[in-house]
Amino acid sequence: MSTTSQASQRINALLDENSFVEIGALVTARATDFNLKQTETPSDGVVTGYGVIDGNLVYVYSQDASVLNGSVGEMHAKKIANLYDLALKMGAPVIGLIDSAGLRLQEATDALNGFGEIYLKQTLASGVIPQITAVFGNCGGGLALIPAMADFAFMEEKKAKLFVNAPNALAGNEVSKCDTAAAAFQSEETGMVDMVADEASIMAQIRQLVSILPANNADLAVDDCTDDLNRACAEIANCVGDTAIALSQIADDGVFVEVKQDYAKDMVAGFIRLNGATIGAVANRTEVYNADGEVTDKFDAVLTARGAEKAAEFINFCDAFDIPVLSLTNVKGFAATKCSEKRMAKAVGKLTYAFANATVPKVNVVIGKAYGSAYVAMNSKAIGADITIAWPDAQIGMMDAKLAAKIICDGQGSDAIDACAKEYADLQNNVASAAKRGYVDQIVAPADTRKYVIGAFEMLATKSEGRPEKKHGTV
């Protein structure tokens, strides 16, 4: 392998030292149109091969922008397709490092067919092996489908460009107005990109992600645990607002690997380990704290369309790879805006379906409010949670007691409404009343959350659940 190309350097930076073995180094383009025969295409613009990350086998392709701008031609695409074939045989992740001008125009339909071959391999691999892409340069047009069809996408914060149509090609837009190809737009507005950082940080984040994920859908993602299984989470009661912090407190060694962290911040999604086993976690969030302990964002305790879709997509990934799911619930309803209403029912339907359809172990912890249909959609026992835990001051019911009292006592004075609200809260919203009806399995002090959640997942480790025979659902 050449040690001079940036494509090769990126692979070396990603993998364990001296572990990369290149495949297809001598492949070159075979097209002759437009005098392409006179243009040298070493490795046809993509370095492919295998290596290890923390000892875990991975397959990697890295596009070389110094060869015809990294454009995808017939043989370039075949090398990537062949890499997928190997990865599927071995049950190991595929990592794509993208830096390409897109379709190689000189090869026309041969190159176009190559795009389709890559899409097909990605489809066959979906739900079988993890697919990770990182964009370091251009990724435009049909090439943008590759990170879109992958499980996780990373983007370099300054130089990377990801787009179907270039910003200036959009009617009424130009880059100075809205750079729709920039990392900020793709991570914050479209939710397509999971993490944005500098190149070195991206390599470290991919390594961390590979280390916490299973190698394939038949693999168990388990590591040794040195953390105390009975460790108290003394500060977790103060983290109802920022559940990313709450999840890190529950997790082994405080490690929480968050995905799509800049998109739909009212919903948290990511991976933790509990007693060494990888767990997928989703949680409602009403506050975001920065590293200095300052609140940077505030949200209502409601489901948004973006948040629901983000969580649903994540849960589907976890179910495909047999990763148990933990949810932290604090929700009192749905976002009420004209914009959100356009997608709300469909988005929450997807979230409900994802939770209900998942057959992995599912544990729900009610840490705050849990009202109405929004609560039902958030991994409630009604849609299939195996174990439901609640904190003592959690509130589970149809709606806020004060609002319910105003409806029940319509036309009566404020004293009657206040009395009704207190009675409604005691009878309906009290977590004990939900436990009496079997909707809550355990009422647990916040500090004991970690040990009870670990105990629940340990008990559910051999879960097997039969479902009606079908090809797949349609939600």
(message) As a quick check of understanding, evaluate salt bridge (Lys or Arg N to Asp or Glu O under 4.0 Å) for Arg306 and Glu189, giving each step before the final call.
(response) CA-CA 10 Å; Arg306 284 183 170 190; Glu189 297 299 324; 3.3 Å; yes
(request) Tell me, yes or no, whether the heavy-atom count around Phe115 atom CZ, taken from other residues, nucleotides or ligands under 6.0 Å, exceeds 12. (result) yes
(request) Check for a donor-acceptor pair, side chain of Asp319 on one end and backbone N or O of Thr359 on the other, with a separation under 3.5 Å. (result) yes
(message) Would you say that more than 12 heavy atoms from the other residues, nucleotides or ligands in this model lie under 6.0 Å from the CD of Glu287, or not?
(response) yes
(request) Any chance you could measure Tyr289, atom OH, to Asp297, atom CG, to the nearest 0.5 Å? (result) 12.0 Å
(request) Please confirm whether the backbone N or O of Ile454 pairs with a side-chain atom of Asn275, one donor and one acceptor, at under 3.5 Å? (result) no
(message) Regarding Lys159 and Asp198, does a basic nitrogen lie under 4.0 Å from an acidic carboxylate oxygen?
(response) no
(request) Please answer whether the main-chain N or O of Val376 pairs with a side-chain N or O of Ser373 as donor and acceptor at a distance below 3.5 Å. (result) no
(request) Run the salt-bridge test on Lys463 and Glu465 with the 4.0 Å N-O cut-off and return the result as yes or no. (result) yes
(request) Give a yes or no on whether Asn290 atom CG has more than 12 heavy-atom contacts from other residues, nucleotides or ligands under 6.0 Å away. (result) yes
(message) Strictly below 4.0 Å, N to O, side chains only: are Arg10 and Glu199 in salt-bridge contact?
(response) yes
(request) Starting at CH2 of Trp391, measure out to CD1 of Ile367 and round the result to the nearest 0.5 Å. (result) 5.0 Å
(message) Between Thr48 (side chain only) and Lys79 (backbone N and O only), is there a donor and an acceptor less than 3.5 Å apart?
(response) no
(request) Considering non-hydrogen atoms only, spot the tightest contact between Cys225 and Gly276 and give its length. (result) CB-N, 3.6 Å
(request) Please lay out, stage by stage, how Gln122 and Ile146 fare under the test side chain to side chain contact (heavy atoms under 4.5 Å, CB included). (result) CA-CA 8 Å; Gln122 285 192 275; Ile146 291 177; 3.6 Å; yes
(message) Within this structure, what is the CG-CD distance for the pair Asp194 and Gln261, rounded to the nearest 0.5 Å?
(response) 8.5 Å
(message) Could you tell me if Glu313 and Asn316 have a donor-acceptor pair between their side chains, going purely by distance under 3.5 Å?
(response) no
(message) Ignoring hydrogens, what is the shortest heavy-atom contact between Cys178 and Pro167? Give both atom names and the distance.
(response) O-CB, 4.0 Å
(request) Evaluate whether atom NZ of Lys350 has more than 12 neighbouring non-hydrogen atoms of other residues, nucleotides or ligands under 6.0 angstrom away. (result) no
(request) Please say whether more than 12 non-hydrogen atoms of neighbouring residues, nucleotides or ligands are located less than 6.0 Å from CZ in Phe334. (result) yes
(request) Kindly say whether Tyr439 contributes a backbone atom to a donor-acceptor pair with the side chain of Lys381 at under 3.5 angstrom? (result) no
(message) Check whether Lys362 reaches the backbone of Ala358 with its side chain - one donor and one acceptor, N or O, closer than 3.5 Å.
(response) yes
(request) Let me know which of Thr243, Asn284, Asn379 forms a side chain to side chain donor-acceptor pair (under 3.5 Å) with Ser327. (result) Asn379
(message) Can you tell whether the side chains of Lys89 and Asp85 come within less than 4.0 Å, N to carboxylate O?
(response) no
(request) Give a yes or no on whether the backbone of Lys78 and the side-chain of Asn82 come within a donor-acceptor separation of less than 3.5 Å. (result) yes
(message) So that I can tick it off, tell me whether Arg450 and Asp228 are bridged by a salt bridge, with the cut-off set at under 4.0 angstrom between side-chain N and carboxylate O.
(response) no
(message) What I want to find out is whether Asp266 reaches Arg285 closely enough, with some N-O distance under 4.0 Å, to be called a salt bridge.
(response) no
(message) To check you understand the geometry: which heavy-atom pair defines the closest contact between Thr190 and Tyr263, and what is its length?
(response) C-CE1, 3.8 Å
(request) State, to 0.1 Å, how close Gly142 and Tyr119 come at their nearest heavy-atom pair, and which atoms those are. (result) O-OH, 2.6 Å
(request) Could you please spell out the steps behind the side chain to side chain contact (heavy atoms under 4.5 Å, CB included) verdict for Leu229 and Lys451? (result) CA-CA 6 Å; Leu229 303 186; Lys451 70 178 181 182; over 6 Å; no
(message) Give me the atom names and distance for the closest heavy-atom approach of Gln186 to Thr180.
(response) NE2-O, 2.9 Å
(request) Would you confirm whether Glu156, through its side chain, and Lys158, through its main-chain N or O, come within 3.5 Å as a donor-acceptor pair? (result) yes
(message) Looking at every heavy atom in both Ile129 and Ala92, which two are closest together, and how far apart are they?
(response) CD1-O, 3.4 Å
(message) Is it true that, when you exclude Met90 itself, more than 12 heavy atoms of the residues, nucleotides or ligands shown sit nearer than 6.0 Å to its CE?
(response) no
(request) Please find out if less than 6.0 Å separates the ring center of Phe314 from that of Phe152. (result) no
